[in-house]
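Just so you know, these numbers use all the heavy atoms, side chains as well, and skip hydrogens, waters and symmetry mates.
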Amino acid sequence: MASSKCRCSFFCLTLVSLLILIPAIALYVTLADIFLAAVKKQAVLQPGGLVTQQWQNPSVPVYVYFYFYNLLNPAEVLAGKRPAFKQVGPFVYREHREKYDIKFLYDDVLVQYRMNHYFTPMLNMSISDPSNYSVTTLNVPLAIVMAAEARLSSQLVRDIVDIIVKAEGEESLFMTKTVDELLWGYDDPIFSAVHKFESSIPAQFSLQQKNITDDANLWSRVFTGKGDPSLVARYSHWHEMMELSFWGSAAANAINGTEGYLFHPNIRQDEKLYAYIDNLFRSGYFTYNNSAMVEDIDVLRFVIPAYELENSSTNADNVAFFMDGPGGMMNMSALNPLHPPIFMSKPHFLDAPQDIIDSVVGLKPVRTQHDSYLDVHALTGGVLRAHKRMQVNVLIKPQKNAIYDTSSLRETYFPVVFIDETATITPSLAAEFRDRITVPIAVSTTCILALMIVSAGGLVTGAAVMLYRRRWSKQQQRAHYSSPDRRTASSLNGGSADSETTTLLQ
């Protein structure tokens, strides 16, 4: 009786373990899909949504680091020597991108906004006050006007520029200005003179626009992700344009991707992440490079591949971007009717040909310091850390019959400044992110795995015990038939039990 109860108990244990194990396995397999479905629902830009609030006014601070190349040997450069530079900086600014005038359109499929975009100096993070720190660099306005001489509207304009250049002296190809003047603008005599005849030339020269607010703002539109989360935050219109008009093909003029701080949920390693880079006026893409950690959160690191910046003979997509010069140099001249010789590159000419790097003294590319990357959380598509790095260069060439005689110069891509726009999730926001996303996933996964282990253990234990009892029962039976008392009884009856049975059958 006790044996039957024991067998029944072990059978029940095995059955219960099996009934727990099968749903646990099914739940474990589908857990990722369950969380993904929840994330996709929350990732949509919708009125009052948490993601919408962060998209509209991000809590993660964005800082811009400016590093200038201070020219050390201007007289030698005029004599045909290589320019030598000392990098100075950083000069740090907090960048603010505040979206306002939010309107959800077309049954919440699109959201329209305007944006206040401005900078505030961070003197405690800078090497000096930018309004007091001077840098010697190329006279960019003069270099632009020299390159555009043939396109200037009249001989009068050229004569005016010639007078200004002669008045400034022999070394007017170079200038010394404060960082504040170079970044945010100063009244340049050459630009001011040309501006009266050429509206495409501004009266002031600056490397940055400091404040874009209120009435100066044009509206933009992005997809909310409603109905298709893969489209979340992708541009529909930028500055009231569905496409650009600077480049040489419809594909090049297309405004593809997001602004680079939010992507769709469920990021894969084998995909390209497209972003529209507004200060380059072009779309580009990032590809997976490696896995990383940000504040104890697993992320996927995406970088700009070197191939994307190869010249048009290697990368046919760049024909429309007029990149027929050295690889790694983005030709920006198409952005202005006078075609100023402005080229963008990675800092220190990273991924450019060696002869470009060797054409100057003092630059040494280091990938970890000079490459751009995005650290993206795969499940949510949020960017937890980013570095967008670029360098402004001006191409100078020897010109004998120019406004300014540069026949002794070397042809050089003259580096002016490199810019590092960076954002990293703060420890407090990372803790909140872990509490909302990573901890629930980890706890749920751990609990399900523990349940699977316990139920599997019960299943194995029940099966093992039942197998043991079965083998023990067989051993007991064999022992019973082979015992001395059993053999004696069999002999007294004239043979074995089998013999007796055989006799009776006869």
Side-chain angles (χ1 to χ4, degrees), residues 66 68-71 74-75 77-78 83 85 91 130-131 133-210 279 281 330-345 390-419:
F66 295 96
F68 281 85
Y69 297 107
N70 192 37
L71 180 64
V77 175
L78 289 172
F85 299 97
F91 301 93
S131 62
Y133 196 99
S134 296
V135 174
T136 299
T137 187
L138 181 70
N139 188 336
V140 179
L142 175 58
I144 290 174
V145 171
M146 284 169 51
E149 181 180 6
R151 299 184 182 89
L152 294 177
S153 60
S154 68
Q155 182 62 43
L156 175 61
V157 177
R158 291 191 287 272
D159 291 341
I160 292 172
V161 173
D162 184 56
I163 293 170
I164 295 171
V165 170
K166 289 178 179 177
E168 290 189 357
E170 184 178 332
E171 294 190 357
S172 59
L173 184 61
F174 305 106
M175 62 183 181
T176 300
K177 297 289 183 183
T178 67
V179 168
D180 192 76
E181 287 176 315
L182 291 171
L183 284 178
W184 312 117
Y186 65 94
D187 292 322
D188 181 82
I190 295 176
F191 267 22
S192 297
V194 176
H195 175 71
K196 296 174 183 178
F197 304 92
E198 297 284 351
S199 60
S200 59
I201 293 291
Q204 277 200 335
F205 170 76
S206 68
L207 292 169
Q208 288 281 136
Q209 283 185 283
K210 189 170 186 178
N279 46 10
F281 294 92
M330 291 179 281
N331 186 355
M332 311 302 292
S333 63
L335 301 180
N336 188 288
L338 293 180
H339 298 284
I342 307 297
F343 290 78
M344 306 297 285
S345 69
M390 65 189 71
Q391 177 174 297
V392 180
N393 312 280
V394 181
L395 176 61
I396 55 175
K397 295 181 178 182
Q399 293 177 264
K400 187 172 184 180
N401 298 316
I403 294 172
Y404 182 93
D405 185 6
T406 60
S407 57
S408 60
L409 290 179
R410 291 176 177 229
E411 181 171 317
T412 306
Y413 289 90
F414 196 102
V416 178
V417 62
F418 106 59
I419 306 163

Looking at every non-hydrogen atom in both residues, tell me the closest pair between Val394 and Ala143 and how far apart they are. CG1-CB, 4.0 Å
Taking the inter-plane angle between the rings of Phe205 and Phe191 on a 0 to 90° scale, is it parallel (under 30°), tilted (30 to 60°) or perpendicular (over 60°)? perpendicular
Lys177 versus Tyr186, closest heavy-atom pair with distance: CE-CE1, 3.7 Å
Please tell me if the side chains of Phe174 and Asn139 come closer than 4.5 Å, counting only heavy atoms from C-beta onward. no
Do you know which two heavy atoms are closest between Ile201 and His195, and how far apart they sit? O-ND1, 2.6 Å
So how far is it from Asn331 CG to Leu395 CG, rounded to the nearest 0.5 Å? 9.0 Å
Go through the steps for Gln204 and Asp188 under the test side chain to side chain contact (heavy atoms under 4.5 Å, CB included), then give the verdict. CA-CA 6 Å; Gln204 277 200 335; Asp188 181 82; over 6 Å; no
Are there over 12 heavy-atom neighbours, none belonging to Lys397, within less than 6.0 Å of that residue's NZ? no
4.5 Å side-chain heavy-atom contact, Leu182 and Thr137: yes
Give me the one residue out of Leu207, Leu71, Val135 that meets side chain to side chain contact (heavy atoms under 4.5 Å, CB included) with Val416. Leu207
Any donor-acceptor pair under 3.5 Å from Thr412 side chain to Ile396 backbone: no
Hey, does Tyr413 have a side-chain heavy atom less than 4.5 Å from the side chain of Ser345? no
Specify the closest pair of heavy atoms between Leu409 and Val77, including all atoms of both residues, with the distance to one decimal. CD2-O, 3.2 Å
Has the side chain of Thr176 got a donor or acceptor atom that lies under 3.5 Å from a matching backbone atom of Thr136? no
Value for CE (Met175) from CG (Leu138), rounded to nearest 0.5 Å, stands at 7.0 Å
Here the gap from Met330 atom CE to Ile342 atom CD1, rounded to the nearest 0.5 Å, amounts to 13.0 Å
Within the structure provided, determine whether Asn279 and Met344 are in side-chain contact (heavy-atom separation under 4.5 Å). no
If the condition is side chain to side chain donor-acceptor pair (under 3.5 Å), which residues does Gln208 pass it with, not counting sequence neighbours? none
Indicate yes or no: at least one non-hydrogen side-chain atom of Phe68 is less than 4.5 angstrom from one of Pro130. no
Write down the atom of Thr178, the atom of Ser131, and the distance for their closest heavy-atom approach. CG2-O, 3.6 Å
State, with a plain yes or no, whether a side-chain heavy atom of Phe91 is found less than 4.5 Å away from one of Asp180. no
Shortest non-hydrogen contact between Pro340 and Ser333, atoms and distance: O-CB, 3.1 Å
Are the side chains of Leu338 and Val145 in contact, using a 4.5 Å heavy-atom criterion? no
Rounded to the nearest 0.5 Å, what separation is found between the CE atom of Met390 and the CZ atom of Phe418? 11.5 Å
